[in-house]
Amino acid sequence: QVQLVESGGGLVQPGGSLRLSCAASGSIFSINNMGWYRQAPGKQRELVATITNGGSTDYADSVKGRFTIFRDNAKNTVYLQMNSLKPEDTGVYYCKLGRYGGSWSYYWGQGTQVTVSS
């Protein structure tokens, strides 16, 4: 199994920055993708950013140029650097890991709250 532990959420003013971290442990295969998703109150969970174990990234249009996803494979940790935060970035941010071991299986973290408000 895989365990994901997120940290780094909190309350920040508009225009501010936060860095989220997600540490993975357990049976992490060499082929895996990691990503961040978020869910605002009353809305569906949406993709924020993903990164492959090779370092290829993908971002939601709403965060391009403001958020950066990166990973430390030696620590099995993925990060989300969030700059120029807006109130609409508020939500619970979830870490997701997909691992390949003949087929893909997916795991979610417990989520961390990000609130952007003055």
Side-chain angles (χ1 to χ4, degrees):
Q1 293 299 318
V2 173
Q3 296 78 43
L4 301 173
V5 179
E6 299 130 329
S7 60
L11 173 64
V12 63
Q13 292 186 343
S17 298
L18 281 175
R19 178 178 292 186
L20 305 182
S21 300
C22 173
S25 61
S27 301
I28 302 166
F29 301 156
S30 61
I31 300 175
N32 63 78
N33 301 328
M34 300 186 77
W36 290 95
Y37 293 69
R38 68 186 179 191
Q39 188 166 17
K43 295 187 177 181
Q44 290 188 332
R45 192 173 298 186
E46 61 177 2
L47 180 147
V48 176
T50 61
I51 185 168
T52 68
N53 60 314
S56 297
T57 59
D58 189 29
Y59 295 92
D61 288 342
S62 59
V63 307
K64 285 180 180 177
R66 300 188 298 122
F67 291 10
T68 302
I69 187 170
F70 57 101
R71 61 190 289 170
D72 183 337
N73 288 335
K75 296 181 179 180
N76 291 322
T77 299
V78 64
Y79 305 90
L80 185 68
Q81 178 65 43
M82 304 185 293
N83 299 328
S84 302
L85 282 161
K86 304 175 181 180
E88 51 263 42
D89 295 318
T90 295
V92 179
Y93 283 67
Y94 296 91
C95 176
K96 180 182 179 182
L97 181 144
R99 69 175 188 185
Y100 185 77
S103 60
W104 285 99
S105 53
Y106 300 94
Y107 302 86
W108 291 91
Q110 80 286 355
T112 185
Q113 177 70 45
V114 172
T115 302
V116 185
S117 175
S118 55

Take Y106 and L97, measure what side-chain contact (heavy atoms from CB on, under 4.5 Å) needs, and give me the verdict at the end. CA-CA 6 Å; Y106 300 94; L97 181 144; over 6 Å; no

R71 and N32: side-chain hydrogen bond (donor to acceptor under 3.5 Å, both in side chains), yes or no, with the steps? CA-CA 12 Å; R71 61 190 289 170; N32 63 78; 2.6 Å; yes

With a 4.0 Å cut-off, would you call K64 and D61 a salt bridge?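 Here K64 pairs with D61 in a salt bridge, since their nearest N and O are under 4.0 Å apart.
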
Worked check of side-chain hydrogen bond (donor to acceptor under 3.5 Å, both in side chains) between S17 and N83: CA-CA 4 Å; S17 298; N83 299 328; 2.9 Å; yes

Are [Y] and [X] connected into the same hydrophobic cluster when the rule is that any two of I, L, V, M, F, W, Y join if their side-chain heavy atoms are below 4.5 Å apart?
X	Y	value
L18	I69	yes
V63	L20	yes
M82	I51	yes
V92	L47	yes
L4	V48	yes

Tell me which pairs pass side chain to side chain donor-acceptor pair (under 3.5 Å) where either residue lies in residues 92-103, with sequence neighbours left out.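 The answer is R38-Y93, R99-S105, R99-Y107.
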
Look at the side chain of E6 and the backbone N and O of C95, then say whether any donor-acceptor pair between them is shorter than 3.5 Å.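 Yes; judged by distance alone, with no hydrogens or angles, the pair exists.
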
Using only heavy-atom distances, determine whether the side chains of D72 and T77 contain a donor-acceptor pair under 3.5 Å.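 D72 vs T77: no donor-acceptor pair found between side chains.
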
W108 and Y37: aromatic ring centres closer than 6.0 Å?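 Yes, the ring centres sit under 6.0 Å apart.
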
Below 4.5 Å, heavy atoms only, C-beta onward: do P87 and P14 meet side chain to side chain?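 Yes, side chains in contact.
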
Taking side chain as C-beta onward, heavy atoms only, is Y59 less than 4.5 Å from T68?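 Yes; the side chains approach each other to less than 4.5 Å.
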
Start with the C-alpha distance between T90 and E88, add both sets of side-chain angles, then the distance that settles side-chain hydrogen bond (donor to acceptor under 3.5 Å, both in side chains), and finish with yes or no. CA-CA 5 Å; T90 295; E88 51 263 42; over 6 Å; no

